[in-house]
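One structure is given below, encoded as structure tokens.
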Amino acid sequence: MDDKTKADIDAGVPMVIVHWDENGTTTSQEAYNLENISLSDRQKEQLAMATLEACRKFYSDPENVKKYEAWKAKRDETKKHK
């Protein structure tokens with residue numbers, strides 16, 4: 001970790017450092033100072049609206065719905081065997 005990043009963490013700056021492998025898969029995450037995040041009601045509304053729009057777009061594609069249902073069925077089956 002570089003000196004500026006360390007200084008930001010020490011100063012209380014909220015951040016998440018994500019590590020990826022060569023395939024772009026997340027291998028680990030480090031979270032710092034997330035308790036220092038405070039969103040206004042308007043920011044929360046904007047985040048909710050953006051999330052809702054992304055969900056609508058994702059589920060409007062029948063192929064995405066099929067992939068989701070397959071993932072969910074596999075996950076539910078795995079949970080049964082635990």
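Values below: all heavy atoms of this structure, side chains included; hydrogens, waters and symmetry mates excluded.
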Who are the side-chain hydrogen bond (donor to acceptor under 3.5 Å, both in side chains) partners of Thr25, not counting sequence neighbours?
none
Do Thr51 and Glu53 have side-chain heavy atoms sitting under 4.5 Å apart?
no
Note, Val18 side chain near Val16 side chain (heavy atom, < 4.5 Å)
yes
Hey, are Asp10 and Lys6 close enough for a salt bridge, meaning a charged N less than 4.0 Å from a carboxylate O?
no
Is there a donor-acceptor contact under 3.5 Å from the side chain of [X] to the main chain of [Y]?
X	Y	result
Asn64	Phe58	yes
Ser28	His19	no
Asp2	Thr5	yes

For Asn33 and Pro14, which heavy atoms make the closest approach, and how far apart are they?
O-CB, 3.4 Å
Shortest non-hydrogen contact between Thr26 and Gln29, atoms and distance:
CG2-CG, 4.1 Å
All salt bridge (charged side-chain N to carboxylate O under 4.0 Å, His left out) counterparts of [X], not counting sequence neighbours:
X	value
Asp21	none
Lys4	Asp8
Lys74	none
Arg42	Glu45

Looking at residues at least two apart in the chain, or sitting in another chain, which of them share a side chain to side chain contact (heavy atoms under 4.5 Å, CB included) with Glu69?
Val65
Go through Met15 and Glu30 one step at a time and tell me if the side-chain contact (heavy atoms from CB on, under 4.5 Å) criterion holds.
CA-CA 8 Å; Met15 69 175 68; Glu30 302 169 52; over 6 Å; no
Can Leu39 be reached from Met49 by stepping across I, L, V, M, F, W or Y side chains whose heavy atoms are under 4.5 Å apart?
no
Intermediate values then yes/no, side-chain contact (heavy atoms from CB on, under 4.5 Å), Tyr32 and Ile17
CA-CA 8 Å; Tyr32 301 95; Ile17 299 173; 3.9 Å; yes
Verdict with reasoning, Thr78 to Lys80, per side-chain contact (heavy atoms from CB on, under 4.5 Å):
CA-CA 5 Å; Thr78 301; Lys80 285 181 186 177; over 6 Å; no
Kindly compute the distance separating OG (Ser38) from NZ (Lys44), expressed to the nearest 0.5 Å.
7.0 Å
Test salt bridge (Lys or Arg N to Asp or Glu O under 4.0 Å) on Lys72 and Asp76; report intermediate values, then the result.
CA-CA 6 Å; Lys72 186 175 180 300; Asp76 291 347; 3.1 Å; yes
